[in-house]
Structure formats: structure tokens, C-alpha cells
Amino acid sequence: MNATPEAQTDRNLALELVRVTEAAALAASRWMGRGKKNEADGAAVEAMRRAFDAVAISGTVVIGEGEMDEAPMLYIGEKVGHGGPAMDIAVDPLEGTTITAKGGPNALATVALAEAGGFLHAPDIYMDKIAVGGGLPPGLVDLQASPGENLRNLARAKNRDVSDLVVCILERERHAEIIAKCREAGARIMLISDGDVAGVIATAQPDSGIDIYLGSGGAPEGVLAAAALRCIGGQMQGRLLYENDAQRERTRGMGIADPSHVYTCEEMAKGNVMFAATGVTGGPMLRGVRRFGEGAITHSLVMRSKSGTVRYVEAHHNFKTKTWAAN
């Protein structure tokens with residue numbers, strides 16, 4: 001059966017997204033292990049922005065590199081694409097700037113698309129997060145429940161002991177209490193230095209060995225993670241965390257009426273969602289960029305919520321014909 005024009009457009013856009021994340025990953029990979037995270041991030045941002053010029057959308061960045069006066073490109077509100085359907089865009093051109101600078105594992109270039117109005121316009125503040133993979137009873141985990149209660153409910157649903165579960169948590173001082181409570185409940189813990197988008201996605205990948213993600217991280221990254229889970233399957237909740245009244249007022253100005261609201265995955269990323277990521281450095285989800293002489297090999301994934309399909313793409317790049325990738 002032939003695909004409808006709408007379905008064909010979706011498929012073409014999904015592949016265009018991969019080209020966008022490939023461009024960012026290739027540019028960032030040149031800085032891998034060189035101790036310069038800002039240079040790595042800047043290279044990824046610039047390459048991703050150029051790549052969007054070839055994408056057939058009328059896109060608006062709603063999750064990006066900051067406000068217009070803070071970021072030269074891919075800033076919130078920037079228009080990208082060369083014309084087409086109106087889309088919301090969420091980007092993190094280099095998730096794991098410090099990882100890349102140190103040559104550590106699991107740095108990614110990520111991007112997500114949704115129909116206009118599909119993404120939560122999350123401010124650049126912290127978000128409390130909890131996420132599990134697919135195939136579990138709806139509402140199984142709850143941000144307002146204790147870590148121990150969530151772990152016991154998850155263990156029952158998976159027909160396991162709590163001691164069989166692995167919790168992924170960012171290694172931060174602010175997570176000392178969560179870590180202690182998870183250990184008290186009997187769970188095992190995988191601490192990661194950076195990259196909570198990858199940590200959330202890992203809960204939905206059976207081979208990752210991660211059962212649940214807990215803790216706070218960037219709110220923009222929370223929306224990107226929710227977009228990925230919408231495509232691959234899973235549950236997630238997020239609640240914005242505020243350091244002062246100014247942040248509360250800012251969120252109200254962005255259209256968030258209830259600053260204390262607990263968002264579901266579906267509220268953070270609505271409708272038809274697409275997500276793509278390319279590995280910059282290798283990890284359990286994606287291999288990193290392998291550079292050689294006049295070319296490189298990239299490893300990416302692309303997902304669509306409409307079909308639930310996850311595709312892995314290995315691309316071989318020739319820098320003689322793709323000069324932007326070598327810079």
C-alpha cells in the first residue's frame with residue numbers, strides 16, 4: 001500500500017532530522033577530549049543551525065540555547081527551515097559538553113519536532129523528573145510519592161525484587177537524599193556525570209539495564225526526553241523547580257499558569273512527535289563519531305510517535321564533498 005502524502009512527509013522529515021544531528025555531532029567530535037567544552041558546544045550549535053536551512057519546515061525554536069540576547073543562534077523564538085509545515089523545535093546540539101571535553105561516554109546531539117504548539121515552553125531552570133520504560137500500568141510512578149514507594153510499585157509491576165532494580169541518577173550533591181533513600185529501599189544505583197536525556201531514554205531500552213530515572217536536571221532537557229519517550233514508549237513526569245520569585249514570574253510570562261503543576265510526558269510533548277540523536281562519544285545507546293582522514297562514520301537513531309518505529313542509521317561521510325563536517 002502506498003503511503004499517504006502526509007505519511008511520506010513525516011518520513012522525509014525524520015530523515016532530515018538525522019542529517020541535522022549528524023552535522024552537530026560531526027562538528028562537536030573535532031573537540032572531543034581537548035578540554036574545551038565551550039568550543040565543542042559552539043561548533044555543534046553552528047553546524048546544527050546551518051543544517052536546518054535545508055529542512056522543509058517553517059520551524060520555531062521553543063527549546064534552544066537560551067534567549068535571543070544570550071545565544072547567537074538556535075535561541076528561543078528563532079525561525080528556522082526553508083518553508084513547509086509549522087513546527088515546534090526542541091534542540092540540544094550537544095548534550096554533554098563536559099563529557100565531550102573530557103572524552104567521556106554518551107555525549108549526544110539531539111533534536112525533536114512537534115506540530116506547532118506541541119512542546120511545553122520550558123524555561124531554562126531545573127525540573128524534577130521521574131521516568132520508566134514502556135509496557136507498565138499507567139500512572140505507575142509518581143513524583144509526589146517517595147523513592148521507596150515508587151521502587152516498590154515498579155518492582156511489583158516487573159515481578160522483581162527492589163534489589164533487582166537499577167536507578168539512574170545524575171551525580172550531584174543535590175541528589176544525596178534521593179540516593180540515600182534508593183539505597184535504603186534496596187535498589188542499585190547507576191550514577192552518571194551528565195546527560196539526563198540519555199538517562200531517561202535508557203529506561204525504555206531493555207538492553208540498557210536501567211529501570212527508572214530519578215532526580216532533577218534542566219527543564220529544556222526534560223522536554224527533549226519526554227519527546228523521545230513519546231516515540232519509544234514510557235512514562236515520565238516533570239515538575240519545574242524554582243530558585244526565586246523571578247523565575248516563577250518568568251514562567252508565568254511564558255504561559256505557564258500553574259508553576260507547581262506536575263507534567264506528564266504527553267503534556268510536555270503533544271501530538272505527532274519526532275526525535276533524533278547522533279552519538280558524539282560512544283555509549284550504550286549510540287556509538288560515537290569515528291573520524292578518519294577525509295571522512296567519518298556516525299551512528300544515529302530516529303523515532304516517530306505516530307508509528308512507534310525506532311530506526312538506527314549508520315552514515316559514512318566524505319569530507320571532500322561535505323566540507324562543513326571537517327571544520
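Side chains are part of it too, since the values below use all heavy atoms of this structure and drop only hydrogens, waters and symmetry mates.
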Participant: Residues in ring-ring contact (aromatic ring centres under 6.0 Å, His included) with His121, at least two apart?
Facilitator: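 His121 satisfies ring-ring contact (aromatic ring centres under 6.0 Å, His included) with no residue once adjacent residues are dropped.
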Participant: Would you please indicate if the ring centroids of Tyr263 and His261 are separated by under 6.0 Å?
Facilitator: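 Yes.
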Participant: Crowded around Glu314 CD? As in, over 12 foreign heavy atoms under 6.0 Å?
Facilitator: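 Yes, CD of Glu314 has more than 12 neighbouring heavy atoms, counting only those of other groups under 6.0 Å.
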Participant: Where the side chain of Asp161 meets the backbone of Ser163, is there a donor-acceptor pair that is under 3.5 Å apart?
Facilitator: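 No; zero donor-acceptor contacts below 3.5 Å.
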Participant: Taking the basic N atoms (NZ, or NE/NH1/NH2) and the acidic carboxylate oxygens, is any pair closer than 4.0 Å for Asp211 and Arg160?
Facilitator: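 Arg160 and Asp211: salt-bridged.
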Participant: Is the number of heavy atoms from other residues, nucleotides or ligands within 6.0 Å of NZ (Lys158) greater than 12?
Facilitator: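 Check passes, neighbour count above 12.
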Participant: Return yes if some donor-acceptor pair links the side-chain N/O of Glu78 with the main-chain N/O of Leu74 below 3.5 Å, else return no.
Facilitator: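 Looks like yes, one N/O pair under 3.5 Å.
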Participant: What pair of heavy atoms forms the shortest contact from Ala204 to Gly233, and how long is it?
Facilitator: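 Between these two residues, the closest heavy atoms are CB-O, 3.3 Å.
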Participant: When clusters are formed by joining ILVMFWY residues with side-chain heavy atoms under 4.5 Å apart, either directly or through shared neighbours, do Val111 and Val18 land in the same one?
Facilitator: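 Val111 and Val18: separate clusters.
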Participant: Within the side chain of Asn150, is there an N or O that forms a donor-acceptor pair under 3.5 Å with the backbone of Asp142?
Facilitator: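 It does hold such a pair.
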Participant: Cluster question for you: counting only ILVMFWY and a side-chain heavy-atom cut-off of under 4.5 Å, with indirect links fine, are Phe275 and Leu15 together?
Facilitator: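 No: no chain of side-chain contacts under 4.5 Å links Phe275 to Leu15.
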Participant: Using a 6.0 Å cut-off, check whether atom CD of Glu294 has over 12 heavy atoms from anything other than its own residue.
Facilitator: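 No, the 6.0 Å shell around CD holds no more than 12 heavy atoms from other groups.
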Participant: Same cluster or not: Ile169 versus Val166, using hydrophobic residues (I, L, V, M, F, W, Y) connected whenever any side-chain heavy atoms lie under 4.5 Å apart?
Facilitator: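 Ile169 does not cluster with Val166.
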Participant: Using a 6.0 Å cut-off, check whether atom CE of Met32 has over 12 heavy atoms from anything other than its own residue.
Facilitator: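 No, not enclosed.
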Participant: Are any of the side-chain heavy atoms of Tyr213 and Ile201 separated by less than 4.5 Å?
Facilitator: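 They are not in contact (no side-chain heavy atoms under 4.5 Å apart), so the answer is no.
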Participant: Can you tell if the side chain of Asn153 reaches within under 4.5 Å of the side chain of Val141, non-hydrogen atoms only?
Facilitator: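 In short, these two side chains do not touch, never coming nearer than 4.5 Å.
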Participant: First locate atom CG of Leu240, then atom OG of Ser260, and finally report the distance between them rounded to the nearest 0.5 Å.
Facilitator: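 OG of Ser260 is found 9.5 Å from CG of Leu240.
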Participant: Under 4.5 Å between side-chain heavy atoms, hopping through other hydrophobics if needed: is there a path connecting Val91 to Ile125?
Facilitator: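 No, Val91 does not connect to Ile125 through the hydrophobic network.
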Participant: In the structure I gave you, are the side-chain heavy atoms of Gln247 and Pro123 within less than 4.5 Å of one another anywhere?
Facilitator: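 Result no, sub-4.5 Å side-chain heavy-atom pair not found.
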Participant: Apply side chain to side chain contact (heavy atoms under 4.5 Å, CB included) to Thr21 and Thr298, showing your working.
Facilitator: CA-CA 10 Å; Thr21 56; Thr298 56; over 6 Å; no
Participant: If we check side-chain contact (heavy atoms from CB on, under 4.5 Å) with Glu266, which of these qualifies: Met236, Arg230, Gln235?
Facilitator: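 Among Met236, Arg230, Gln235, the one that satisfies the side-chain contact (heavy atoms from CB on, under 4.5 Å) with Glu266 is Arg230.
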Participant: Should the pair Arg248-Asp245 be classified as a salt bridge under the 4.0 Å nitrogen-to-oxygen rule?
Facilitator: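 Judged by the 4.0 Å cut-off on N to carboxylate O distance, Arg248 and Asp245 do form a salt bridge.
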Participant: Locate the shortest heavy-atom distance separating Ala109 from Ala25; write the atom from each residue and the value.
Facilitator: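 Of all heavy-atom pairs spanning Ala109 and Ala25, the closest is CB-N, 3.9 Å.
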Participant: Evaluate the side-chain proximity of Thr278 to Leu26: yes if any heavy-atom separation is below 4.5 Å, no if none is.
Facilitator: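 Side chain of Leu26 against side chain of Thr278, heavy atoms only: no contact under 4.5 Å found.
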Participant: Nearest 0.5 Å, please: how far is CD in Glu16 from CZ in Arg19?
Facilitator: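 Rounded to the nearest 0.5 Å, the CZ-CD separation comes to 4.5 Å.
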Participant: Specify the closest pair of heavy atoms between Gly59 and Ile89, including all atoms of both residues, with the distance to one decimal.
Facilitator: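 Smallest heavy-atom distance, with atoms named: CA-CD1, 3.7 Å.
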Participant: State plainly whether the residues Glu249 and Arg252 are in salt-bridge range, i.e. N to O under 4.0 Å.
Facilitator: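 Result for this pair is yes, salt bridge flagged.
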Participant: Please walk me through it: do Gln144 and Gln237 pass side chain to side chain contact (heavy atoms under 4.5 Å, CB included)?
Facilitator: CA-CA 10 Å; Gln144 301 184 80; Gln237 291 184 352; 6.0 Å; no
Participant: Under 4.0 Å between a side-chain nitrogen and a carboxylate oxygen: does that hold for Arg172 and Asp194?
Facilitator: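 Judged by the 4.0 Å cut-off on N to carboxylate O distance, Arg172 and Asp194 do form a salt bridge.
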Participant: If you look at every heavy atom in Met48 and Thr110, which pair is closest and at what distance?
Facilitator: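 Here Met48 and Thr110 meet closest at CE-O, 3.7 Å.
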Participant: Is there side-chain contact between Glu65 and Met73, with at least one heavy-atom pair below 4.5 Å?
Facilitator: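 Side-chain contact under 4.5 Å: no.
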Participant: Mind checking whether Val302 and Met274 have side chains closer than 4.5 Å, heavy atoms only?
Facilitator: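 No, their side chains stay 4.5 Å or more apart.
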Participant: Given Lys181 and Ser146, is the side chain to side chain contact (heavy atoms under 4.5 Å, CB included) satisfied, shown in steps?
Facilitator: CA-CA 8 Å; Lys181 288 182 177 179; Ser146 68; 5.7 Å; no
Participant: Within the 4.5 Å heavy-atom criterion, are Ser208 and Pro284 side-chain neighbours or not?
Facilitator: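 Not in contact.
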Participant: From Leu17 CG over to Leu113 CG, what is the distance, rounded to the nearest 0.5 angstrom?
Facilitator: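 Here the rounded value is 4.0 Å.
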Participant: Quick check for you: to the nearest 0.5 Å, what is the distance between Ser216 atom OG and Leu170 atom CG?
Facilitator: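 Going from the OG atom of Ser216 to the CG atom of Leu170 covers 7.5 Å.
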Participant: Taking Leu108 as the fixed residue, which of Leu301, Val280, Asp92, Leu286 is the one that meets the side-chain contact (heavy atoms from CB on, under 4.5 Å) rule?
Facilitator: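 With Leu108 as partner, side-chain contact (heavy atoms from CB on, under 4.5 Å) holds for just one option, Leu286.
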Participant: Decide yes or no on side chain to side chain contact (heavy atoms under 4.5 Å, CB included) for Thr98 and Lys102, but give the supporting numbers first.
Facilitator: CA-CA 6 Å; Thr98 301; Lys102 293 181 177 180; 3.7 Å; yes
Participant: Are Leu13 and Met303 connected in the hydrophobic side-chain network, where two residues link if heavy atoms are under 4.5 Å apart?
Facilitator: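 No; Met303 is not reachable from Leu13 via cluster members.
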Participant: If I compare all heavy atoms of Trp31 with all of Ala40, which pair ends up nearest, and what's the gap?
Facilitator: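 Distance-wise, the nearest heavy atoms are CB-CB, 3.6 Å.
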Participant: When rounded to the nearest 0.5 angstrom, what distance separates CG in Leu214 from CD1 in Ile130?
Facilitator: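 Atom-to-atom, Leu214:CG and Ile130:CD1 are 4.5 Å apart.
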Participant: Would you mind checking if Lys129 and Glu221 are paired as a salt bridge, meaning a charged N to carboxylate O distance below 4.0 Å?
Facilitator: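 No, this pair does not count.
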Participant: Give a yes or no on whether a salt bridge exists between Arg152 and Glu149, defined as a side-chain N under 4.0 angstrom from a carboxylate O.
Facilitator: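 No salt bridge links Arg152 with Glu149.
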Participant: Do you know which two heavy atoms are closest between Thr203 and Ala131, and how far apart they sit?
Facilitator: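 In this case the closest contact between Thr203 and Ala131 is CG2-O, 3.7 Å.
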Participant: Counting C-beta onward and ignoring hydrogens, is there a side-chain heavy-atom pair between Glu95 and Leu224 closer than 4.5 Å?
Facilitator: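 Answer no - side chains too far apart.
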Participant: Return yes when atom CG of Asp258 has more than 12 non-hydrogen atoms of other residues, nucleotides or ligands closer than 6.0 Å, and no otherwise.
Facilitator: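 Atom CG in Asp258 is packed in, count exceeds 12.
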Participant: Rounded to the nearest 0.5 Å, how far apart are CE of Met127 and CG of Leu241?
Facilitator: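 Taking CE in Met127 and CG in Leu241, the distance rounds to 8.5 Å.
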Participant: Strictly distance-based, threshold 3.5 Å: is any side-chain N or O of Thr281 a donor or acceptor partner for the main-chain N or O of Thr100?
Facilitator: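 It does not hold such a pair.
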